[in-house]
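Below: one structure, written as C-alpha coordinates.
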Amino acid sequence: MTKINEKQVHLGVLLYGCGHHQAAWLMPDSSVERIGDISYYQSLAQLAEKGYFDAVFFADNQSFPANGSSEMPAFWFDPIVKLTAISQVTNHIGLVSTISSTFSNPFTAARQLLSLDHLTKGRVGWNLVTSMTNWEALNHSMEELPPRDKRYKKADEFAALMNKLFLSWDCNAFLHDRVERELINPANIQPFHHKGTYFKVDGPSTTPKSPQGKPVAMQAGASEQGIALAAKYADAVYSVSWNLHQAKQFRKKLDAQVQQSEDSNQYIKVFPGLVTYVGRTHEEALAKKAALDEKLPIQTALEQLSFFIQQDCSKWEIDKKVPHLPPVEEFTGPVGRYETVLEIIKDTQPTVKELLGYLNAGGGHLTLIGTPKEIVDQMEVWFEVGVADGFNLMPPTLPNSLEDFVELVVPEMQKRGIFRKQYDGHTFREHLGLTE
(Lines give C-alpha, C1' and ligand atoms only; values in the text may rest on other atoms or scores of the structure.)
Protein backbone atom coordinates (compact mmCIF):
# COMPACT_ATOMS: atom_id res chain seq x y z
CA MET A 1 0.00 0.00 0.00
CA THR A 2 1.37 3.43 -0.96
CA LYS A 3 2.23 5.66 1.96
CA ILE A 4 0.63 9.09 1.70
CA ASN A 5 2.54 11.86 3.45
CA GLU A 6 0.74 15.01 4.42
CA LYS A 7 4.00 16.84 3.77
CA GLN A 8 4.92 16.88 0.10
CA VAL A 9 8.17 17.63 -1.73
CA HIS A 10 8.10 20.79 -3.84
CA LEU A 11 9.83 20.95 -7.21
CA GLY A 12 10.97 23.87 -9.30
CA VAL A 13 13.15 23.82 -12.40
CA LEU A 14 15.71 26.43 -13.41
CA LEU A 15 15.57 26.64 -17.20
CA TYR A 16 18.94 27.67 -18.56
CA GLY A 17 20.01 27.58 -22.20
CA CYS A 18 20.29 24.00 -23.43
CA GLY A 19 21.28 22.67 -20.00
CA HIS A 20 23.38 23.47 -16.94
CA HIS A 21 26.36 21.30 -17.89
CA GLN A 22 28.97 23.43 -19.64
CA ALA A 23 29.26 20.84 -22.40
CA ALA A 24 25.51 20.46 -22.97
CA TRP A 25 25.54 22.56 -26.13
CA LEU A 26 28.32 20.41 -27.65
CA MET A 27 26.33 17.17 -27.53
CA PRO A 28 25.11 15.88 -30.92
CA ASP A 29 21.47 16.00 -29.78
CA SER A 30 21.70 19.37 -27.98
CA SER A 31 19.02 22.02 -28.35
CA VAL A 32 21.52 24.85 -28.82
CA GLU A 33 19.93 25.95 -32.11
CA ARG A 34 16.67 26.65 -30.27
CA ILE A 35 17.75 28.92 -27.42
CA GLY A 36 16.43 31.92 -29.37
CA ASP A 37 13.10 30.21 -30.08
CA ILE A 38 10.34 31.00 -27.58
CA SER A 39 8.50 27.77 -28.44
CA TYR A 40 11.49 25.91 -26.96
CA TYR A 41 10.95 27.45 -23.52
CA GLN A 42 7.20 26.94 -23.83
CA SER A 43 7.76 23.24 -24.50
CA LEU A 44 10.12 22.91 -21.51
CA ALA A 45 7.53 24.53 -19.23
CA GLN A 46 4.83 22.22 -20.59
CA LEU A 47 7.10 19.25 -19.82
CA ALA A 48 7.59 20.49 -16.25
CA GLU A 49 3.83 20.95 -15.89
CA LYS A 50 3.33 17.40 -17.14
CA GLY A 51 5.48 16.40 -14.16
CA TYR A 52 3.37 18.55 -11.76
CA PHE A 53 6.28 20.84 -10.89
CA ASP A 54 5.50 23.81 -8.64
CA ALA A 55 7.30 26.33 -10.83
CA VAL A 56 9.64 27.15 -13.66
CA PHE A 57 12.31 29.69 -12.79
CA PHE A 58 14.54 31.96 -14.85
CA ALA A 59 17.76 33.45 -13.53
CA ASP A 60 19.09 36.56 -15.24
CA ASN A 61 22.29 38.28 -16.26
CA GLN A 62 22.12 41.80 -17.65
CA SER A 63 25.38 41.68 -19.58
CA PHE A 64 26.90 39.65 -22.39
CA PRO A 65 30.70 40.00 -22.50
CA ALA A 66 30.96 37.46 -25.36
CA ASN A 67 34.69 36.98 -24.81
CA GLY A 68 34.90 33.88 -26.96
CA SER A 69 33.13 31.00 -28.64
CA SER A 70 32.43 29.40 -25.26
CA GLU A 71 30.12 32.16 -24.10
CA MET A 72 26.54 30.89 -24.09
CA PRO A 73 23.79 33.54 -24.56
CA ALA A 74 21.57 31.65 -22.10
CA PHE A 75 19.66 34.81 -21.14
CA TRP A 76 18.52 35.48 -24.70
CA PHE A 77 15.14 36.90 -23.66
CA ASP A 78 14.00 39.01 -20.73
CA PRO A 79 12.64 36.63 -18.04
CA ILE A 80 9.25 38.31 -17.68
CA VAL A 81 8.74 38.28 -21.44
CA LYS A 82 9.58 34.56 -21.55
CA LEU A 83 7.25 33.81 -18.65
CA THR A 84 4.44 35.76 -20.28
CA ALA A 85 4.79 33.61 -23.40
CA ILE A 86 4.93 30.47 -21.26
CA SER A 87 1.80 31.53 -19.38
CA GLN A 88 -0.18 31.28 -22.60
CA VAL A 89 0.55 27.56 -23.11
CA THR A 90 0.39 26.35 -19.47
CA ASN A 91 -2.42 26.26 -16.92
CA HIS A 92 -1.02 25.56 -13.46
CA ILE A 93 2.76 25.81 -13.12
CA GLY A 94 4.21 28.74 -11.17
CA LEU A 95 6.25 31.36 -13.04
CA VAL A 96 9.28 32.86 -11.26
CA SER A 97 11.35 35.73 -12.61
CA THR A 98 14.59 37.11 -11.24
CA ILE A 99 14.53 40.82 -10.39
CA SER A 100 17.69 42.78 -9.56
CA SER A 101 17.21 45.45 -6.89
CA THR A 102 20.53 46.98 -7.94
CA PHE A 103 19.32 47.82 -11.44
CA SER A 104 15.51 47.66 -11.48
CA ASN A 105 12.96 50.43 -11.10
CA PRO A 106 10.61 49.14 -8.34
CA PHE A 107 7.47 50.74 -9.75
CA THR A 108 8.04 49.18 -13.17
CA ALA A 109 9.05 45.80 -11.73
CA ALA A 110 6.01 45.64 -9.45
CA ARG A 111 3.66 46.61 -12.26
CA GLN A 112 5.10 43.96 -14.59
CA LEU A 113 4.87 41.22 -11.96
CA LEU A 114 1.35 42.20 -10.90
CA SER A 115 0.24 42.36 -14.53
CA LEU A 116 1.49 38.83 -15.17
CA ASP A 117 -0.03 37.67 -11.89
CA HIS A 118 -3.46 38.94 -12.96
CA LEU A 119 -3.01 37.53 -16.45
CA THR A 120 -2.32 34.06 -14.94
CA LYS A 121 -4.79 34.36 -12.05
CA GLY A 122 -2.04 34.12 -9.44
CA ARG A 123 0.85 32.00 -10.71
CA VAL A 124 3.74 34.46 -10.31
CA GLY A 125 6.79 34.59 -8.05
CA TRP A 126 9.89 36.74 -8.08
CA ASN A 127 13.46 36.05 -7.04
CA LEU A 128 15.22 39.07 -5.53
CA VAL A 129 18.95 39.37 -6.29
CA THR A 130 21.53 42.15 -5.94
CA SER A 131 23.50 41.10 -9.09
CA MET A 132 27.09 39.98 -9.24
CA THR A 133 29.22 41.55 -11.98
CA ASN A 134 30.70 44.87 -13.03
CA TRP A 135 29.77 44.01 -16.62
CA GLU A 136 26.13 44.35 -15.61
CA ALA A 137 26.80 47.63 -13.81
CA LEU A 138 28.32 49.09 -16.96
CA ASN A 139 24.97 48.59 -18.71
CA HIS A 140 23.19 50.63 -16.04
CA SER A 141 25.11 53.90 -15.94
CA MET A 142 27.49 52.66 -13.22
CA GLU A 143 31.27 52.44 -13.30
CA GLU A 144 31.22 49.29 -11.18
CA LEU A 145 28.94 47.23 -8.98
CA PRO A 146 28.34 48.88 -5.59
CA PRO A 147 29.86 47.13 -2.53
CA ARG A 148 27.84 44.24 -1.10
CA ASP A 149 26.71 46.14 2.02
CA LYS A 150 25.35 48.99 -0.08
CA ARG A 151 23.64 46.56 -2.50
CA TYR A 152 21.85 44.82 0.35
CA LYS A 153 20.74 48.07 1.99
CA LYS A 154 19.23 49.05 -1.34
CA ALA A 155 17.68 45.56 -1.67
CA ASP A 156 16.06 45.91 1.75
CA GLU A 157 14.41 49.19 0.77
CA PHE A 158 13.50 47.73 -2.63
CA ALA A 159 11.75 44.71 -1.08
CA ALA A 160 9.79 46.84 1.39
CA LEU A 161 8.73 49.18 -1.40
CA MET A 162 7.69 46.28 -3.65
CA ASN A 163 5.37 45.05 -0.89
CA LYS A 164 3.82 48.52 -0.62
CA LEU A 165 3.22 48.52 -4.36
CA PHE A 166 1.92 44.93 -4.45
CA LEU A 167 -0.65 45.69 -1.74
CA SER A 168 -1.41 49.34 -2.47
CA TRP A 169 -5.04 48.73 -3.48
CA ASP A 170 -7.58 46.00 -4.07
CA CYS A 171 -9.87 45.17 -6.98
CA ASN A 172 -12.80 45.86 -4.62
CA ALA A 173 -12.03 49.57 -5.07
CA PHE A 174 -12.87 49.22 -8.77
CA LEU A 175 -16.65 49.81 -8.56
CA HIS A 176 -17.61 50.31 -12.24
CA ASP A 177 -21.19 51.09 -11.13
CA ARG A 178 -22.96 52.44 -14.21
CA VAL A 179 -26.16 53.31 -12.34
CA GLU A 180 -24.44 55.45 -9.70
CA ARG A 181 -21.81 56.57 -12.22
CA GLU A 182 -19.00 55.53 -9.87
CA LEU A 183 -15.90 54.01 -11.43
CA ILE A 184 -13.56 53.71 -8.43
CA ASN A 185 -13.61 54.27 -4.69
CA PRO A 186 -10.82 56.84 -4.34
CA ALA A 187 -10.79 56.50 -0.54
CA ASN A 188 -9.23 53.05 -0.96
CA ILE A 189 -6.69 54.04 -3.61
CA GLN A 190 -4.26 56.39 -1.93
CA PRO A 191 -0.59 57.32 -2.44
CA PHE A 192 1.81 56.10 0.23
CA HIS A 193 4.58 58.69 -0.37
CA HIS A 194 7.67 56.50 -0.01
CA LYS A 195 10.82 58.59 0.45
CA GLY A 196 13.85 56.48 1.22
CA THR A 197 17.60 56.50 0.70
CA TYR A 198 17.46 54.98 -2.78
CA PHE A 199 13.90 55.38 -4.01
CA LYS A 200 11.13 57.97 -4.01
CA VAL A 201 7.76 56.58 -5.12
CA ASP A 202 4.43 58.22 -4.40
CA GLY A 203 2.26 55.25 -5.33
CA PRO A 204 -0.12 53.60 -5.51
CA SER A 205 0.51 51.01 -8.21
CA THR A 206 -1.50 51.31 -11.40
CA THR A 207 -2.29 47.58 -11.01
CA PRO A 208 -4.37 46.23 -8.12
CA LYS A 209 -3.44 43.55 -5.60
CA SER A 210 -2.95 40.13 -7.19
CA PRO A 211 -5.37 37.16 -7.07
CA GLN A 212 -3.00 35.37 -4.65
CA GLY A 213 -2.52 38.38 -2.37
CA LYS A 214 0.92 39.21 -3.74
CA PRO A 215 3.47 37.36 -5.88
CA VAL A 216 5.50 34.74 -4.00
CA ALA A 217 8.79 36.24 -2.78
CA MET A 218 11.91 34.13 -3.36
CA GLN A 219 15.50 34.96 -2.42
CA ALA A 220 18.84 33.41 -3.31
CA GLY A 221 21.65 35.16 -1.42
CA ALA A 222 23.80 32.97 0.84
CA SER A 223 25.84 35.72 2.48
CA GLU A 224 25.02 36.95 5.98
CA GLN A 225 23.24 39.93 4.43
CA GLY A 226 21.38 37.71 1.97
CA ILE A 227 20.07 35.41 4.68
CA ALA A 228 19.03 38.39 6.80
CA LEU A 229 17.13 39.82 3.81
CA ALA A 230 15.39 36.49 3.24
CA ALA A 231 14.31 36.33 6.88
CA LYS A 232 12.57 39.69 6.49
CA TYR A 233 10.89 39.30 3.13
CA ALA A 234 11.06 35.81 1.58
CA ASP A 235 8.43 33.10 1.42
CA ALA A 236 11.06 30.63 0.18
CA VAL A 237 14.76 30.61 -0.68
CA TYR A 238 16.93 28.96 -3.28
CA SER A 239 20.13 27.62 -1.73
CA VAL A 240 23.45 26.15 -2.84
CA SER A 241 24.40 23.03 -0.88
CA TRP A 242 26.94 20.52 -2.07
CA ASN A 243 26.35 18.10 0.83
CA LEU A 244 24.09 17.48 3.81
CA HIS A 245 26.46 19.27 6.18
CA GLN A 246 26.30 22.45 4.12
CA ALA A 247 22.51 22.16 3.84
CA LYS A 248 22.16 21.84 7.62
CA GLN A 249 24.40 24.87 8.15
CA PHE A 250 22.28 26.97 5.78
CA ARG A 251 19.01 25.93 7.46
CA LYS A 252 20.52 26.74 10.86
CA LYS A 253 21.65 30.21 9.74
CA LEU A 254 18.27 30.96 8.18
CA ASP A 255 16.33 29.83 11.25
CA ALA A 256 18.56 31.93 13.49
CA GLN A 257 17.85 35.01 11.37
CA VAL A 258 14.12 34.29 11.43
CA GLN A 259 14.24 34.20 15.24
CA GLN A 260 15.60 37.76 15.16
CA SER A 261 12.99 39.01 12.69
CA GLU A 262 9.68 40.72 13.43
CA ASP A 263 7.80 37.51 12.65
CA SER A 264 9.85 34.97 14.58
CA ASN A 265 7.20 32.26 14.10
CA GLN A 266 7.33 32.26 10.31
CA TYR A 267 8.67 29.28 8.39
CA ILE A 268 10.65 29.94 5.21
CA LYS A 269 10.82 27.07 2.75
CA VAL A 270 14.25 26.06 1.41
CA PHE A 271 14.86 24.71 -2.09
CA PRO A 272 18.45 23.53 -2.65
CA GLY A 273 19.62 23.25 -6.24
CA LEU A 274 19.63 19.67 -7.55
CA VAL A 275 21.54 18.24 -10.52
CA THR A 276 20.51 14.72 -11.58
CA TYR A 277 21.85 12.13 -13.99
CA VAL A 278 19.12 9.50 -14.19
CA GLY A 279 19.35 6.03 -15.71
CA ARG A 280 17.36 2.83 -15.56
CA THR A 281 20.60 1.35 -14.22
CA HIS A 282 23.36 3.01 -12.22
CA GLU A 283 25.79 2.35 -15.07
CA GLU A 284 23.53 4.12 -17.56
CA ALA A 285 23.40 7.19 -15.32
CA LEU A 286 27.20 7.22 -14.95
CA ALA A 287 27.56 6.95 -18.72
CA LYS A 288 25.35 10.02 -19.24
CA LYS A 289 27.58 12.09 -16.97
CA ALA A 290 30.77 10.70 -18.50
CA ALA A 291 29.62 11.56 -22.03
CA LEU A 292 29.09 15.18 -20.99
CA ASP A 293 32.29 15.43 -18.93
CA GLU A 294 34.31 14.11 -21.87
CA LYS A 295 33.30 17.17 -23.91
CA LEU A 296 33.86 19.67 -21.09
CA PRO A 297 35.65 22.76 -22.45
CA ILE A 298 38.42 23.19 -19.87
CA GLN A 299 39.01 26.88 -20.59
CA THR A 300 35.32 27.67 -20.09
CA ALA A 301 35.31 25.70 -16.86
CA LEU A 302 38.38 27.59 -15.62
CA GLU A 303 36.68 30.90 -16.45
CA GLN A 304 33.68 29.86 -14.36
CA LEU A 305 35.94 28.82 -11.48
CA SER A 306 37.79 32.15 -11.74
CA PHE A 307 34.46 33.94 -11.29
CA PHE A 308 33.42 31.76 -8.36
CA ILE A 309 36.66 32.38 -6.44
CA GLN A 310 37.40 35.89 -7.80
CA GLN A 311 40.93 35.13 -8.97
CA ASP A 312 42.54 34.12 -12.25
CA CYS A 313 42.73 30.32 -12.60
CA SER A 314 43.72 30.23 -16.28
CA LYS A 315 47.33 29.28 -15.51
CA TRP A 316 46.53 26.60 -12.93
CA GLU A 317 47.88 23.14 -13.76
CA ILE A 318 44.78 21.02 -14.13
CA ASP A 319 46.35 17.74 -12.97
CA LYS A 320 47.70 19.19 -9.70
CA LYS A 321 45.91 19.81 -6.41
CA VAL A 322 43.88 23.00 -6.07
CA PRO A 323 46.04 25.83 -4.66
CA HIS A 324 45.25 27.14 -1.18
CA LEU A 325 42.23 29.45 -1.07
CA PRO A 326 41.55 32.08 1.61
CA PRO A 327 38.77 31.47 4.17
CA VAL A 328 35.26 32.64 3.38
CA GLU A 329 35.57 35.49 5.91
CA GLU A 330 38.15 37.15 3.65
CA PHE A 331 36.11 36.72 0.47
CA THR A 332 34.23 39.69 -1.04
CA GLY A 333 32.50 38.00 -4.00
CA PRO A 334 29.36 35.79 -4.16
CA VAL A 335 29.64 33.90 -0.87
CA GLY A 336 27.34 30.93 -1.58
CA ARG A 337 29.36 29.57 -4.48
CA TYR A 338 32.67 30.22 -2.74
CA GLU A 339 31.57 28.30 0.36
CA THR A 340 30.59 25.42 -1.91
CA VAL A 341 33.99 25.39 -3.61
CA LEU A 342 35.69 25.26 -0.20
CA GLU A 343 33.37 22.45 0.90
CA ILE A 344 34.13 20.37 -2.20
CA ILE A 345 37.86 20.85 -1.66
CA LYS A 346 37.52 19.83 2.01
CA ASP A 347 35.51 16.72 1.12
CA THR A 348 37.52 15.46 -1.84
CA GLN A 349 41.00 17.08 -1.90
CA PRO A 350 40.66 17.28 -5.69
CA THR A 351 42.98 18.13 -8.52
CA VAL A 352 41.96 21.22 -10.47
CA LYS A 353 40.48 19.01 -13.19
CA GLU A 354 38.48 17.02 -10.64
CA LEU A 355 37.16 20.24 -9.07
CA LEU A 356 36.05 21.44 -12.51
CA GLY A 357 34.22 18.14 -12.91
CA TYR A 358 32.32 18.67 -9.67
CA LEU A 359 31.40 22.21 -10.66
CA ASN A 360 30.59 21.71 -14.33
CA ALA A 361 26.80 21.36 -14.01
CA GLY A 362 25.35 24.16 -11.94
CA GLY A 363 28.34 25.19 -9.90
CA GLY A 364 28.45 22.73 -7.01
CA HIS A 365 24.84 21.98 -6.12
CA LEU A 366 23.71 18.62 -4.76
CA THR A 367 24.49 16.17 -7.56
CA LEU A 368 22.77 12.77 -7.65
CA ILE A 369 23.68 10.03 -10.12
CA GLY A 370 21.80 6.76 -10.42
CA THR A 371 18.48 5.03 -10.78
CA PRO A 372 15.21 6.72 -9.79
CA LYS A 373 15.20 4.74 -6.54
CA GLU A 374 18.78 5.78 -5.67
CA ILE A 375 18.05 9.42 -6.43
CA VAL A 376 14.77 9.59 -4.49
CA ASP A 377 16.40 7.80 -1.54
CA GLN A 378 18.82 10.72 -1.21
CA MET A 379 16.17 13.37 -1.84
CA GLU A 380 14.08 11.83 0.96
CA VAL A 381 16.99 12.05 3.40
CA TRP A 382 17.28 15.81 2.84
CA PHE A 383 13.50 16.18 2.97
CA GLU A 384 13.03 14.17 6.17
CA VAL A 385 15.80 15.90 8.15
CA GLY A 386 14.27 19.27 7.29
CA VAL A 387 17.02 20.87 5.21
CA ALA A 388 14.97 20.78 1.99
CA ASP A 389 11.27 21.49 1.60
CA GLY A 390 11.80 20.72 -2.05
CA PHE A 391 14.42 21.12 -4.74
CA ASN A 392 15.19 23.44 -7.63
CA LEU A 393 16.10 21.07 -10.44
CA MET A 394 19.03 22.11 -12.66
CA PRO A 395 19.00 19.64 -15.57
CA PRO A 396 22.46 19.01 -17.09
CA THR A 397 20.89 18.89 -20.56
CA LEU A 398 17.59 20.23 -21.86
CA PRO A 399 15.19 18.77 -22.64
CA ASN A 400 16.70 15.28 -22.12
CA SER A 401 17.58 15.49 -18.41
CA LEU A 402 14.22 17.08 -17.60
CA GLU A 403 12.46 14.31 -19.56
CA ASP A 404 14.39 11.70 -17.56
CA PHE A 405 13.31 13.32 -14.30
CA VAL A 406 9.64 13.64 -15.29
CA GLU A 407 9.40 10.12 -16.71
CA LEU A 408 11.51 8.24 -14.15
CA VAL A 409 12.00 10.19 -10.90
CA VAL A 410 8.55 11.78 -10.50
CA PRO A 411 6.73 8.39 -10.62
CA GLU A 412 9.10 7.06 -7.94
CA MET A 413 8.30 10.05 -5.71
CA GLN A 414 4.57 9.59 -6.34
CA LYS A 415 4.81 5.89 -5.48
CA ARG A 416 6.27 6.85 -2.10
CA GLY A 417 3.47 9.37 -1.46
CA ILE A 418 5.80 12.38 -1.22
CA PHE A 419 4.76 14.16 -4.43
CA ARG A 420 1.46 15.21 -5.96
CA LYS A 421 -0.35 13.30 -8.70
CA GLN A 422 -2.36 16.35 -9.70
CA TYR A 423 -2.52 20.07 -8.98
CA ASP A 424 -4.92 20.69 -6.09
CA GLY A 425 -4.95 24.48 -6.43
CA HIS A 426 -4.29 27.11 -9.05
CA THR A 427 -2.08 29.81 -7.55
CA PHE A 428 1.62 29.50 -6.88
CA ARG A 429 0.93 30.17 -3.19
CA GLU A 430 -1.48 27.24 -3.15
CA HIS A 431 1.12 24.97 -4.74
CA LEU A 432 3.60 25.87 -1.98
CA GLY A 433 1.04 25.76 0.84
CA LEU A 434 1.57 29.44 1.67
CA THR A 435 -0.90 31.95 3.08
CA GLU A 436 -1.04 35.56 1.89
Side-chain angles (χ1 to χ4, degrees), residues 59 61 63 65 100-102 128-138 142-156 219-232 237-257 260 270 272-273 299-318 320-360 362-367 387:
N61 187 332
S63 67
S100 171
S101 56
T102 301
L128 174 62
V129 301
T130 65
S131 295
M132 295 192 294
T133 71
N134 289 332
W135 290 324
E136 293 176 277
L138 291 170
M142 300 178 183
E143 293 300 319
E144 61 183 5
L145 202 65
R148 185 193 300 152
D149 284 349
K150 186 174 181 180
R151 296 202 311 274
Y152 274 101
K153 287 177 183 176
K154 186 175 184 180
D156 189 297
Q219 215 272 328
S223 66
E224 181 181 337
Q225 297 98 321
I227 293 173
L229 189 71
K232 287 182 70 174
V237 296
Y238 297 121
S239 66
V240 183
S241 296
W242 158 257
N243 55 23
L244 194 57
H245 167 73
Q246 198 176 15
K248 287 178 178 178
Q249 289 298 108
F250 180 84
R251 179 84 252 185
K252 183 178 178 181
K253 290 177 184 177
L254 180 61
D255 288 346
Q257 281 291 341
Q260 298 175 35
V270 176
Q299 195 57 42
T300 301
L302 285 170
E303 288 171 8
Q304 182 195 60
L305 179 60
S306 297
F307 176 71
F308 286 164
I309 68 172
Q310 300 285 287
Q311 60 176 281
D312 183 10
C313 305
S314 61
K315 299 293 192 291
W316 284 9
E317 297 183 54
I318 63 172
K320 291 193 174 181
K321 294 290 185 182
V322 178
H324 174 74
L325 297 177
V328 69
E329 293 78 14
E330 298 175 16
F331 188 69
T332 58
V335 171
R337 298 287 190 203
Y338 189 71
E339 285 181 332
T340 297
V341 170
L342 295 182
E343 199 71 19
I344 294 172
I345 293 170
K346 185 185 76 173
D347 282 355
T348 66
Q349 298 299 307
T351 63
V352 173
K353 188 174 183 179
E354 288 168 340
L355 177 61
L356 297 178
Y358 291 129
L359 292 169
N360 64 22
H365 290 269
L366 171 65
T367 300
V387 299

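Quantities reported herein were computed from a predicted structural model and do not represent experimental measurements.
The CD atom of Q310 sits 10.0 Å away from atom OH of Y338, with the distance rounded to the nearest 0.5 Å. Taken to the nearest 0.5 Å, the CD atom of E136 stands 14.0 Å off from the CD atom of E144. Atoms OG1 and NZ, from T102 and K150 in turn, are 10.5 Å apart once rounded to the nearest 0.5 Å. Atom SG in C313 sits 3.5 Å away from atom CD1 in I309 (nearest 0.5 Å). Expressed to the nearest 0.5 Å, how far CG of L305 lies from CG of L302 amounts to 6.5 Å. To the nearest 0.5 Å, atom CG of residue D312 and atom CD of residue E303 are 9.5 Å apart.
K248 and E343 are not joined by a salt bridge, as no carboxylate oxygen comes within less than 4.0 angstrom of a charged side-chain nitrogen. Contact check on D255 versus R251 returns a salt bridge, with a Lys/Arg side-chain nitrogen under 4.0 Å from an Asp/Glu carboxylate oxygen.
With sequence neighbours excluded, no residue forms a ring-ring contact (aromatic ring centres under 6.0 Å, His included) with F250. Judged as a ring-ring contact (aromatic ring centres under 6.0 Å, His included), and not counting sequence neighbours, the contacts of Y358 are W242.
In terms of heavy-atom proximity, Q311 sits nearest to P326 at NE2-CD, 4.4 Å. Of all the heavy atoms in S314 and Q299, the pair that sits closest is CB-NE2, 3.9 Å. Between G364 and V240, the shortest heavy-atom distance links the atoms O-CG1, 4.2 Å. Residues S63 and T133 share a closest heavy-atom pair of OG-OG1, 4.0 Å. S131 and R151 make their closest contact through O-NE, 3.5 Å (heavy atoms, listed as atom of the first residue, atom of the second, distance). Scanning both residues, F308 and F331, for their nearest heavy atoms gives O-CZ, 3.2 Å.
A donor-acceptor contact shorter than 3.5 Å is absent between the side chain of S101 and the backbone of T130. Side-chain N or O atoms of Q257 include none that pairs as donor or acceptor with a backbone N or O of L254 at under 3.5 Å. Of the possible polar contacts, one joining the N360 side chain to the G357 backbone as a donor-acceptor pair under 3.5 Å is found. A distance-only check finds a donor-acceptor pair linking the side chain of E354 to the backbone of T351 [under 3.5 Å]. Not a single donor-acceptor pair under 3.5 Å links the side chain of K232 to the backbone N or O of D156. Between the side chain of N243 and the backbone N or O of Q246, at least one donor-acceptor pair lies under 3.5 Å.
Side-chain contact between P350 and V322 is present, with heavy atoms from C-beta onward closer than 4.5 Å. In this structure, the side chains of K346 and H245 come closer than 4.5 Å at one or more pairs of heavy atoms. Between V270 and S239, the closest side-chain pair of non-hydrogen atoms falls below 4.5 Å. Between P146 and K154, every side-chain heavy-atom pair lies at or beyond the 4.5 Å cut-off.
Few gaps surround CD on Q260; more than 12 heavy atoms of other groups in view lie less than 6.0 Å from it.
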message = For a side chain to side chain contact (heavy atoms under 4.5 Å, CB included) check, start with the C-alpha distance between H365 and R337, then their side-chain angles and the critical distance, and finish with the verdict.
response = CA-CA 9 Å; H365 290 269; R337 298 287 190 203; 2.8 Å; yes
